[in-house]
Number of protein chains: 2
Amino acid sequence: MSLPHALLTSLLERPSSGSDLARRFDSSIAFFWPATHQQIYRELGRMEQAGWVEAMPEARGRRKVYTCLPAGRAELERWAREPVDVPVVRDALLVRLRADAALGPLGLEGHLRDRLATHESRLAAYEEIARRDFGRELDRTARVQRAILEAGIAHETQAVQWCRGALAALDA
Amino acid sequence: MSLPHALLTSLLERPSSGSDLARRFDSSIAFFWPATHQQIYRELGRMEQAGWVEAMPEARGRRKVYTCLPAGRAELERWAREPVDVPVVRDALLVRLRADAALGPLGLEGHLRDRLATHESRLAAYEEIARRDFGRELDRTARVQRAILEAGIAHETQAVQWCRGALAALDA
DNA sequence: GTAACCATGTAAGTGGTTACATGATTGC
DNA sequence: GCAATCATGTAACCACTTACATGGTTAC
């Protein structure tokens with residue numbers, strides 16, 4: 001259950017409303033912890049109950065801006081030390097490949113080309129961010145942030161290469 | 001919802017009982033579609049209802065051996081042509097790294113070393129399988145099977161390298 | 001024959017997804 | 001002023017997880 005802690009981190013970086021968070025998740029955190037606005041609002045409600053965050057309704061506006069409280073910060077530090085599971089991977093394309101091996105050619109080349117295109121475009125986007133945000137001397141904070149981005153870059157690079165190899169295996 | 005189709009594929013390869021499937025999932029399919037025995041029994045029940053598989057109670061035994069029926073095979077072929085989503089990644093370690101960047105050093109080196117060890121050991125296991133099962137001329141079926149294994153090898157290789165880089169980023 | 005284990009299940013809980021609702025704000 | 005959009009939700013559903021149950025089989 002990392003969503004509340006991802007939200008706490010995001011709120012530490014900058015106090016935000018639910019919709020702000022939904023947008024920021026979409027553009028940055030989504031690649032390692034995607035969340036919809038429904039999840040985010042539900043979780044913000046729980047976190048307010050727990051006393052981890054505080055909601056400030058904007059004067060003249062329907063928005064509520066949330067701030068991380070000291071209890072939220074303490075919870076984040078406590079949680080960071082908990083054991084971490086290796087993330088589970090569930091890839092329906094590999095299931096399809098196994099079905100192809102069992103049944104004979106199923107015409108999966110199109111699926112593989114689609115996926116290759118997705119990974120190539122994500123990789124290009126991440127590399128652009130790396131150039132823009134980390135093309136200089138880095139302090140510790142920036143080095144850790146870059147390590148997070150490098151996880152995405154490494155993942156997409158590997159995926160691109162694998163797709164090409166798998167296409168060759170189907171083709172030959 | 002790929003579990004039923006992973007099970008159909010497994011049953012095509014060899015008719016099996018629920019506990020057989022649970023064991024085989026653990027040793028091979030688990031790395032791209034893990035499932036517990038509870039999930040497997042429930043799904044086998046649904047698949048029998050749907051007429052995709054047939055259950056044969058063993059004479060003198062509590063085991064039920066399931067076989068894939070033609071309708072199951074047809075369903076598998078139909079499903080293989082459906083669009084495939086790129087799998088979602090949710091990695092709580094990256095959330096922790098982002099918290100570290102926001103809060104200051106949280107001592108995540110231990111978590112990273114644990115994960116590195118996990119990936120190294122999985123990688124060694126996959127490479128052993130690759131040597132044992134694919135160290136020869138390969139027909140198409142074997143090439144596809146090797147492509148599936150290569151997905152695991154590529155993933156673990158990338159993860160090992162990333163962990164080392166991330167440890168360096170925290171250390172320096 | 002009894003203890004340990006094996007195969008098959010049931011039940012409750014949780015996080016995430018999808019579909020829909022509502023009222024406030026902005027653009028024209 | 002009216003339509004489109006925005007911010008904040010509610011509700012139902014579903015796959016997966018975890019904990020427990022039951023009755024048959026095997027080892028000794």
Side-chain angles (χ1 to χ4, degrees), chain A residues 1-8 10-11 15-26 29-50 53-66 79 82-92 95, chain B residues 1-7 10-11 15-26 29-50 53-66 79 83-92 95:
Chain A
M1 221 212 1
S2 299
L3 178 55
H5 303 94
L7 292 170
L8 286 172
S10 223
L11 290 178
S16 313
S17 69
S19 56
D20 289 340
L21 287 168
R23 270 188 297 274
R24 287 166 58 200
F25 260 59
D26 246 19
I29 298 181
F31 98 77
F32 59 89
W33 208 280
T36 60
H37 78 270
Q38 292 91 335
Q39 277 179 279
I40 291 172
Y41 285 119
R42 184 170 22 149
E43 214 54 60
L44 284 171
R46 288 178 189 163
M47 290 159 68
E48 193 182 2
Q49 288 298 313
V53 299
E54 188 182 36
M56 296 286 232
E58 268 185 351
R60 180 176 176 281
R62 80 270 80 153
R63 287 159 43 94
K64 281 193 279 185
V65 174
Y66 288 87
W79 169 83
E82 275 191 355
V84 201
D85 287 335
V86 178
V88 167
V89 178
R90 281 196 171 84
D91 189 346
V95 178
Chain B
M1 222 210 2
S2 300
L3 179 55
H5 303 93
L7 292 171
S10 224
L11 291 179
S16 314
S17 70
S19 55
D20 289 339
L21 286 168
R23 269 188 298 273
R24 287 166 59 199
F25 261 60
D26 246 19
I29 299 182
F31 97 77
F32 60 89
W33 207 280
T36 61
H37 78 271
Q38 292 90 337
Q39 278 178 278
I40 291 170
Y41 285 119
R42 178 162 30 119
E43 215 55 60
L44 285 171
R46 288 178 190 164
M47 290 159 68
E48 193 182 3
Q49 287 298 312
V53 300
E54 189 182 36
M56 296 285 232
E58 268 185 350
R60 180 180 176 279
R62 79 270 83 153
R63 288 158 45 93
K64 280 192 277 183
V65 174
Y66 288 86
W79 169 84
V84 201
D85 288 335
V86 178
V88 166
V89 178
R90 281 198 170 82
D91 188 345
V95 177

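Chain identifiers are assigned alphabetically (A, B, ...) following the order of the sequence lines, protein sequences preceding nucleic acid strands; residue numbering begins at 1 within each chain.
- For B:Asp20, the salt bridge (Lys or Arg N to Asp or Glu O under 4.0 Å) criterion is met by B:Arg23, B:Arg63, not counting sequence neighbours.
- When the P atom of D:dA7 is taken as reference, atom CG of A:Leu44 falls 14 Å away, rounded to whole Å.
- Taking a pair to require two hydrogen-bonding distances under 3.5 Å in either a Watson-Crick or a G-U wobble arrangement, D:dC28 pairs with C:dG1.
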**Request:** If a protein heavy atom is under 4.0 Å from the base, mark B; if only from the sugar-phosphate, S; if neither, -; do that for nucleotides 7-17 of chain C going 5' to 3'.
**Result:** SBBB----SBB
Side-chain donor-acceptor pairs of residues 32-44 of chain B under 3.5 Å, sequence neighbours excluded:
from	atom 1	to	atom 2	distance (Å)
B:Thr36	OG1	B:Gln38	OE1	3.4
B:Thr36	OG1	B:Gln39	N	3.4
B:Gln39	OE1	B:Thr36	N	3.1
B:Tyr41	OH	B:Ser19	N	3.4
B:Glu43	OE1	B:Arg46	NH1	3.3

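- Partners of A:Phe25 by ring pair (Phe, Tyr, Trp, His ring centres under 6.0 Å), not counting sequence neighbours: none found.
- The salt bridge (Lys or Arg N to Asp or Glu O under 4.0 Å) search around A:Glu82 returns A:Arg78, not counting sequence neighbours.
- Checked against ring pair (Phe, Tyr, Trp, His ring centres under 6.0 Å), A:Trp79 has the following partners two or more places apart in sequence or in another chain: A:His5.
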